[in-house]
Amino acid sequence: MANASCLGLYIEEHLIKYAKVSKDHDKIKVEAFGMMFYDRIGEAIEQVIQETYSQKTPISINLSEEMYNYFDMFALLTKNDLQKAIKTEFESYCSEKGYNPNVFETRYAVVGSQEEKDKIRVIHVADNKIELNKQIQQIDGYKLSNISPISMAIPNLIDINQHENSIIVNIEESTTVTTILDDKIYNIDKIEEGCRDFLTKINLKENSYLKSYEICKNTTIYTSEGRELQEEQSNYLEDIMPTLYTIVGKIRNIVRDNVDKIKKVYITGTAALINNIDLYFQEYLEEVDCEILRPYFVQTTVGDLSIKDYIEVNSAISLAMMGVGEGISGMNFKGQTLSDKIPDWLKIDVNPDRTAKEKKNLGGIFTWDLGQPFDRTETGLLRIVIGMILLVVIYSVLSGLLANQMGQKTREAEESISITNSQISSANSDNEKINSKINEYANMIKNLEEANNRITDRNKTRNAIPNLLNQIMSIVPENVQLTSIENTNGTHIIIQAQSNKYEQLGYLVAKMKADVILSNVISTAGQKDNNVVSIKIEGELP
């Protein structure tokens with residue numbers, strides 16, 4: 001697609017991020033971008049469109065209420081059979097949840113299964129039709145061309161052909177986690193925690209969402225080895241850090257549970273503007289590289305603009321890129337209407353009172369004025385339209401005849417399939433009996449292994465706890481008090497500590513890491529109460 005442009009609008013409850021993107025062959029350029037807080041969504045959208053001169057530009061927005069499901073299918077299914085199977089699986093899911101499947105608009109993407117090579121993995125996305133129509137009505141009067149889930153759009157910003165398994169953590173109002181394996185989107189996780197949590201808390205203190213947003217941009221996270229915080233910074237971090245701690249904990253589980261090794265974690269969204277957030281993630285995700293997501297086509301030096309200005313609107317840029325043909329086209333929830341299919345130059349002007357200048361602004365070089373007799377050009381165009389209609393009628397008749405013949409062949413094929421299915425059913429019955437015996441033996445083996453593991457764990461930890469207590473007592477600083485030490489399960493240890501100085505707690509954490517008293521040591525951000533700072537330290541017995 002050459003010389004295309006699109007206005008991306010990422011819309012949240014109080015905030016719009018926007019970016020106008022143009023594409024000339026393979027060259028992508030961000031022409032305008034920014035963000036805006038609003039009270040009335042319609043007025044805000046109109047203002048953005050006016051400021052970016054996008055009255056005739058296609059617009060791409062994000063879904064707001066989507067849900068994700070995953071279905072495993074055989075790779076040899078035909079396209080029609082695959083669609084039927086997906087529909088059946090989704091209806092079964094809705095039945096379990098008590099949903100009406102007819103209230104959802106759905107799309108899906110297909111990727112090869114990592115676990116079973118003869119199967120494919122279907123990423124199924126569904127959105128409530130009522131909420132979808134509300135979003136469409138917000139852009140009423142403008143050229144809405146694309147509505148996509150942000151989790152599917154955000155990979156447009158990275159060079160996905162680098163052949164590295166990665167995760168994109170988009171921390172906006174809530175958090176979406178997009179897992180990319182073998183250069184393809186493989187999984188989407190939704191995390192309810194996001195910027196909404198701490199922006200709401202800061203807004204209660206500042207009574208301004210805009211000021212709360214700016215505070216987040218100017219906030220710096222200091223790790224356990226960082227300097228002591230000022231009182232004002234500490235107050236804001238008390239609102240921000242619990243949310244980030246929850247998110248990074250869930251990301252850590254996602255990285256650990258992936259069958260394929262994850263090499264990189266990209267961080268984007270409003271939270272990516274918090275200084276040192278990448279270092280904070282890196283402290284907890286030691287085995288992967290963590291970095292802020294920078295659009296691959298944006299140069300590090302962009303004149304008077306900071307790269308951070310682009311990062312701020314990453315979500316809007318990725319949506320605009322969907323509108324110019326990048327990413328997964330099958331994820332567009334904007335159904336194409338008949339009006340969308342008619343070229344602008346062929347649209348009829350039913351208002352005969354328009355001036356010549358108004359007609360020109362409509363963009364139709366063959367705009368028809370129905371208040372006057374047709375001229376030669378209009379008559380020729382009308383003949384072309386009538387000819388096209390006749391072709392469609394003839395084509396429909398021929399298609400009907402062909403469809404009738406195909407229906408007869410289909411019935412014959414179905415009879416053959418019925419006989420084959422009967423034989424398969426008999427074979428499945430025998431297979432179930434064999435599997436029953438296999439399961440019995442598997443359960444016996446599992447019980448023996450569990451008993452052996454319990455004995456091994458008991459022997460392993462018999463002397464580990466006393467040794468741990470002796471080692472901890474030898475390194476605890478004078479001003480640090482340990483309030484509890486707990487062995488929650490297996491080799492996992494949780495220590496609660498407090499002190500009146502941040503640096504003493506930081507020293508304790510650093511010493512435990514350096515002396516390998518515990519492995520995989522992590523700690524929470526300090527929580528200050530009456531000049532006493534409390535932290536929680538977690539780790540595994542070595």
Side-chain angles (χ1 to χ4, degrees), residues 6-18 38 40-46 49 58-71 73 79-80 82-110 122-154 170 172-176 178 185 187-192 194 196 315-316 318-320 322-323 327-342:
C6 182
L7 176 64
L9 299 180
Y10 178 76
I11 304 173
E12 293 185 347
E13 185 176 358
H14 301 286
L15 172 68
I16 293 180
K17 297 181 180 181
Y18 62 90
Y38 67 87
R40 296 183 179 179
I41 181 64
E43 294 177 0
I45 291 174
E46 182 176 359
I49 291 174
I59 297 173
S60 177
I61 65 175
N62 58 295
L63 287 177
S64 61
E65 301 289 341
E66 75 270 20
M67 67 177 180
Y68 300 88
N69 289 288
Y70 302 92
F71 309 131
M73 304 286 178
K79 183 178 180 180
N80 288 338
L82 178 62
Q83 291 176 345
K84 292 178 182 178
I86 292 172
K87 182 180 179 182
T88 301
E89 289 287 346
F90 182 64
E91 289 175 348
S92 176
Y93 167 81
C94 289
S95 177
E96 292 177 4
K97 297 293 184 179
Y99 300 153
N100 179 1
N102 296 322
V103 305
F104 294 102
E105 186 76 18
T106 63
R107 300 289 186 273
Y108 68 88
V110 176
V122 177
I123 305 174
H124 189 273
V125 189
D127 192 52
N128 187 287
K129 290 180 180 179
I130 296 176
E131 295 300 322
L132 188 60
N133 287 331
K134 287 180 181 178
Q135 290 185 274
I136 293 173
Q137 291 171 6
Q138 291 173 355
I139 318 295
D140 186 37
Y142 296 102
K143 194 174 181 180
L144 178 62
S145 64
N146 190 284
I147 308 176
S148 299
I150 189 63
S151 59
M152 291 293 198
I154 203 70
N170 191 24
E172 296 284 11
E173 192 173 36
S174 58
T175 303
T176 58
T178 304
I185 297 173
N187 198 76
I188 308 295
D189 290 282
K190 292 185 69 174
I191 299 175
E192 292 302 320
R196 178 200 301 113
S315 294
S318 67
L319 289 168
M322 294 290 280
I328 304 175
S329 59
M331 278 295 151
N332 185 2
F333 277 71
K334 169 64 169 65
Q336 193 176 36
T337 64
L338 179 61
S339 177
D340 296 330
K341 298 177 182 179
I342 300 175

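Atom OG of residue S151 and atom CG of residue N187 lie 10.0 Å apart, to the nearest 0.5 angstrom. With rounding to the nearest 0.5 Å, the separation of CG in L132 from OG in S64 is 8.0 Å. Here the CD1-CG distance, from I59 to L9, works out to 6.0 Å after rounding to the nearest 0.5 Å. Between Y68 atom OH and D189 atom CG the span is 10.0 Å, to the nearest 0.5 Å. With values rounded to the nearest 0.5 angstrom, E65 atom CD is found 11.5 Å from I130 atom CD1. To the nearest 0.5 angstrom, D140 atom CG is 7.5 Å from Q137 atom CD.
Under a 3.5 Å cut-off, the side chain of Y70 and the backbone N or O of I188 do form a donor-acceptor pair. In this structure, the side chain of Y38 engages the main chain of E13 through a donor-acceptor pair within 3.5 Å. No donor-acceptor distance shorter than 3.5 angstrom exists from the side chain of N146 to the backbone of I61, with no hydrogens or angles considered. Judged purely by atom type and a 3.5 angstrom limit, S148 has no side-chain atom pairing as donor or acceptor with the backbone of A153. Although no hydrogens or angles enter the test, the distance criterion places a donor-acceptor pair under 3.5 Å between the side chain of T88 and the main chain of K84. At least one donor-acceptor pair under 3.5 Å links the side chain of D127 to the backbone N or O of E66. In this structure a side-chain-to-backbone donor-acceptor pair under 3.5 Å is present from S60 to L319. Proximity of a side-chain donor or acceptor of K190 to a complementary backbone N or O of S174 within less than 3.5 Å is not detected.
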Inset, instruction - List the steps, then state whether side chain to side chain contact (heavy atoms under 4.5 Å, CB included) holds for Y99 with E91. - result: CA-CA 9 Å; Y99 300 153; E91 289 175 348; over 6 Å; no
Legend entry - Worked check of side chain to side chain contact (heavy atoms under 4.5 Å, CB included) between M331 and I328: CA-CA 6 Å; M331 278 295 151; I328 304 175; 4.0 Å; yes
Inset, instruction - Verify side chain to side chain contact (heavy atoms under 4.5 Å, CB included) between T176 and I191, making sure each step is shown before the conclusion. - result: CA-CA 6 Å; T176 58; I191 299 175; over 6 Å; no
Legend entry - Verdict with supporting geometry, Q83 and I86, side chain to side chain contact (heavy atoms under 4.5 Å, CB included): CA-CA 5 Å; Q83 291 176 345; I86 292 172; 5.8 Å; no
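With contacts defined as side-chain heavy-atom distances shorter than 4.5 Å, the pair K334/L144 qualifies. A heavy-atom distance below 4.5 Å is found between the side chains of M152 and P149. Counting heavy atoms from C-beta on, the side chains of Q138 and I11 come closer than 4.5 Å. For the pair Y93 and P101, the minimum side-chain heavy-atom distance is 4.5 Å or more. Looking at heavy atoms from C-beta onward, L63 lies in side-chain contact with I147 at the 4.5 angstrom threshold. Contact check for I139 versus I45: side-chain heavy atoms found under the 4.5 Å cut-off. The shortest side-chain heavy-atom distance between V110 and L82 falls under the 4.5 Å cut-off.
For the pair F90 and T106, the tightest heavy-atom approach, listed with the atom from each and the gap, is CE2-CG2, 4.0 Å. Nearest heavy-atom pair, Q135 versus N62, reported as atom, atom and distance to 0.1 Å: NE2-O, 2.5 Å. Pairing each heavy atom of Y10 with each of A316, the nearest pair is CB-N, 4.1 Å. Residue I154 comes nearest to S315 through the heavy atom pair CD1-CA, 4.1 Å, listed as atom of the first residue, atom of the second, then distance. Residues I16 and A44 come closest through the heavy atom pair CD1-CB, 3.8 Å. Counting all heavy atoms, side chain and backbone alike, S318 lies closest to I150 at OG-CD1, 3.5 Å.
Residues that satisfy the ring pair (Phe, Tyr, Trp, His ring centres under 6.0 Å) test with H14, not counting sequence neighbours, are Y209. Residues satisfying the side-chain hydrogen bond (donor to acceptor under 3.5 Å, both in side chains) test with E173, not counting sequence neighbours, are none. Under the rule for a salt bridge (Lys or Arg N to Asp or Glu O under 4.0 Å), the partners of E43 that lie at least two apart in sequence or sit in another chain are R40. Listed by chain and residue number, nothing satisfies the ring pair (Phe, Tyr, Trp, His ring centres under 6.0 Å) test with F333 (two or more places apart in sequence, or in another chain). Residues satisfying the salt bridge (Lys or Arg N to Asp or Glu O under 4.0 Å) criterion with E131, sequence neighbours excluded, are K134.
For F71 and H124, the gap between ring centers is short of 6.0 Å.
Legend: salt bridge (Lys or Arg N to Asp or Glu O under 4.0 Å) pairs involving residues 98-107, not counting sequence neighbours, sorted by first then second residue: E105-R107.
A salt bridge between E172 and K17 is present, with a side-chain N of the basic residue lying under 4.0 Å from a carboxylate O of the acidic one.
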